[in-house]
Amino acid sequence: EALLRIAEVDINGGWKVGSPVPYASLANTFSLIEATTKRLEKTSLLTSFFLLVIQRSAKGDSNSLLQAVYLCINRLCPDYVGVELGIGESLLIKAISESTGRSISTLKAELKKEGDLGLVAMNSKNSQKTLFKPKPLTVPFVFTNLREIAQSTGHSSQAKKVSIITKLLAACKDVEAKYIVRSLEGKLRIGNAERTVLVALAHAAILAEKDGKKWSKEKLASRLEEAAGIMKSVYSELPTYDLVIPALLNHGISTLRDTCKLTPGVPLKPMLAKPTKAIGEVLDRFENKHFTCEYKYDGERAQVHRLEDGTIGVFSRNSEDMSKKYPDLVEQLPHCIKPDTKSFVLDAEAVAIEKTTGKLMPFQELSKRKRKDVKVEDIQVRVCLFAFDLLYLNGEPLLRRSLRERRELLRKHFQIVPGEFDFAKYSDGESTDEIQAFLEESVKDGCEGLMVKMLESDASYYEPSRRSVNWLKLKKDYLAGVGDSLDLVVVGGYYGKGKRTNVYGAFLLACYDADAEEYQTICKIGTGFSEEILQAHWDALRPLEMQNPRGDVKVGGAKPDIWFEPKVVWEVLTADLSLSPIYTAAQGLVDERGVSLRFPRFIRARDDKSADDATGPEQIAEMYERQTLAQSRAGKNRGHD
Ligand code: ATP
């Protein structure tokens, strides 16, 4: 049925084998996907579209599918290449005005009403009378132009961008303008999570393989399920469609695990840990299993790759290339490599240290560094790399080796260089007293606490991009009963009063729902800021000011004085979570009402996280439920007393 609906999208049968994918077909697919909230329906619509693309691509053409996939996830290349869309509202309004002849003030007024510039662009186009029919847009044409916009820099780039956008808009029909503008904004808002795209790709590959063959229902279902599993695991190891899609089309899905493996140069999404509240909880979870405790260093995650040819790459938690931020690390690294170590991928934490004493310094020291174009001679704080995992060595991925083995290989192939490179300190002691003592030692040495990890068997395999129960974090803060911190996006500001009139005095924060692609408001935060910090927030947020909330902010009853483009991420601690009729975070998960933070406290800005990495509603619901459980237990205990 989905295939039929998508096939109708083949406007006037103009999409022939070997001809470019019509953009109208993609835009109509987006429209159908946007119209449903059901994940399965979204997946089958997308599957059907990808299947058509595969069936109508000429032999050997993997570009059509590649470009279609990139447009579906609103990217133009893999994350680590760093070419991004995210064109500002005023530039887009200018282009819409130039292309449709409507005045900027009319467009702004309409935007205020609609809250979605894509919709404004579509309505403007559709009310415009055109004398001649423009040539239909194609996926390669749109893709190439979007890439040109994203890559153009320099002083004349604004005019160039406006002119390309105007050209694209001039050729738009029906719903096309809506999605082109949203793509340019950097938010497609059709609820197309990356995993939907992966499953749809896998399913489309199976359906293309089946092509007319008679398979039983059971066989088809099991092939689809197996393919989705393969695709997800392959992509977590090699997160680049540039390599996965050609391999999929040329060699099929069943061999994808052999043709696509972890490759130095392509950063994988790091494994993450689950929070725990007490040592007792660690022992409960890891009962009768061997585990290890490591220092949880307070720095920035660094995935270090060395290619066969000796090139070194340093990637952030978000797969951004950090070689330009850490030229000193790149320079230092060869010193710690033993001679028989050729290619590798290290998982590590880059930590600021005091030049003379080698003492660890907190993350704040690192965050003072520029993110780009750092010159070694200008560097004030020294960085030492603390390696805690080895994921690839001399041509071989190690993800499916036990942590004990990976750790042995790490120590065998690298050497300590004081002040430059060290191994994460660990203790394999498994009793409460040993863990407690090691935790205290870690805090004394300037760390955030401990990471507790499974050491043996398949439970200790490295799980890219997963927040896994096989890694637990035990922070000193939890022990004080404060709980885990949240990473929240600043979406609004309240002007200061009294002495603080030249800065924002308070802020509206939001969590991020990756499935719905929306920011959900969670609290107002306004206490505990020093004058200096408020000034820094003013400087960072002022350029992001907007008169209205962006369309993907689910506002609820919050009324800040000014809105911000959702971009800046803060780490925040809270003493308590409560239900709220005003805020929208996790609405519908624990209650009709949203969850909000009481007494939130600002910890630090997280420049290493993007808005999409903010804490999600499920995690907030989980925290709320845990708190309620703890309270009812405490109540019961009191009852017994
Ligand atoms: P946090 O705010 O706690 O850093 P996070 O979401 O960035 O949270 P978590 O999975 O919660 O990531 O915590 C793991 C982080 O701790 C890693 O991303 C890494 O940067 C850091 N870290 C420091 N020491 C270690 C270690 N020994 N093993 C793993 N991660 C470590």
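Counting starts at 1 for both ligands and their atoms, following the listed order. Side-chain atoms are counted along with the backbone in the values below, which use heavy atoms only and exclude waters and symmetry mates.
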Peer 1: Please could you name the atoms of ligand 1 that K453 approaches to less than 4.0 Å, counting only its heavy atoms?
Peer 2: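 What qualifies from ligand 1 is 26 (C), 28 (N), 29 (C).
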Peer 1: For residues Q587 and T584, is any side-chain donor paired with an opposing acceptor at under 3.5 Å?
Peer 2: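 No, no side-chain donor-acceptor pair sits under 3.5 Å.
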Peer 1: Can we call the ring centroids of Y512 and Y519 under 6.0 Å apart?
Peer 2: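 Ring centres of Y519 and Y512 closer than 6.0 Å.
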Peer 1: Answer with yes or no whether the side chains of D445 and Y295 bring together a donor and an acceptor at under 3.5 Å.
Peer 2: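 Yes, side-chain donor-acceptor contact under 3.5 Å.
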Peer 1: Taking only heavy atoms of Y295, which atoms of ligand 1 are found under 4.0 Å from at least one of them?
Peer 2: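 Reading through ligand 1 atom by atom, the close ones are 24 (N), 25 (C), 26 (C), 27 (N).
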Peer 1: Heavy-atom contact under 4.0 Å between Y426 and ligand 1?
Peer 2: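 Heavy atoms of Y426 never come under 4.0 Å of ligand 1.
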Peer 1: In terms of atom number and element, which parts of ligand 1 are under 4.0 angstrom from non-hydrogen atoms of A273?
Peer 2: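 This gives 10 (O) as the contact atoms.
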Peer 1: Would one find an N or O of S485, backbone or side chain, under 3.5 Å from an N or O of ligand 1?
Peer 2: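 The answer is no, given that S485 and ligand 1 share no N or O pair closer than 3.5 Å.
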Peer 1: Using side-chain heavy atoms (C-beta onward) and a distance below 4.5 Å, is D608 in contact with R301?
Peer 2: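 The answer is no, as the side chains (C-beta and beyond) never meet within the 4.5 Å cut-off.
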Peer 1: I'd like to check whether K609 has a polar contact with ligand 1, where a contact means an N/O of the residue lying under 3.5 Å from an N/O of the ligand.
Peer 2: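 K609 vs ligand 1: N/O contact under 3.5 Å present.
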Peer 1: How does K296 reach ligand 1, by side chain, by backbone, by both or by neither, if only non-hydrogen atoms under 4.0 Å count?
Peer 2: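 The answer is both, backbone and side chain.
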Peer 1: Please work out whether the ring planes of Y504 and W538 are parallel, tilted or perpendicular, with thresholds of 30° and 60°.
Peer 2: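 It falls in the tilted class, 30° to 60°.
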Peer 1: Are F344 and H413 an aromatic pair, judged by ring center distance below 6.0 Å?
Peer 2: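 No, they do not, as the ring centres are separated by 6.0 Å or more.
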Peer 1: Test the R407-Y426 pair against the cation-pi criterion, namely NZ or CZ under 6.0 angstrom from the six-membered ring centroid and within 45° of the ring axis.
Peer 2: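 Yes, cation above the ring, under 6.0 Å and within 45°.
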Peer 1: Which of the numbered atoms in ligand 1 are below 4.0 angstrom from a heavy atom of R467?
Peer 2: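 Answer for ligand 1: 6 (O), 9 (P), 10 (O), 11 (O).
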Peer 1: Could you name the option among Q303, K425, R317, K475 that has the heavy atom nearest to atom 3 (O) of ligand 1?
Peer 2: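 The residue whose heavy atom sits nearest atom 3 (O) of ligand 1 is K475.
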Peer 1: Between ligand 1 and R604, is the shortest N or O to N or O distance under 3.5 Å?
Peer 2: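 No: no nitrogen or oxygen of R604 is under 3.5 Å from one in ligand 1.
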Peer 1: Compare every heavy atom of M361 with every heavy atom of E354, then report the nearest pair and how far apart it is.
Peer 2: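 E354 and M361 have their closest heavy atoms at N-CG, 3.9 Å.
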Peer 1: Out of R301, E349, M271, who is nearest to atom 22 (N) of ligand 1 when you count heavy atoms only?
Peer 2: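 Considering heavy atoms of R301, E349, M271, the nearest to atom 22 (N) of ligand 1 sits in E349.
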Peer 1: Side chain, backbone, both or neither: which part of E300 has a heavy atom under 4.0 Å from ligand 1?
Peer 2: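 Neither part.
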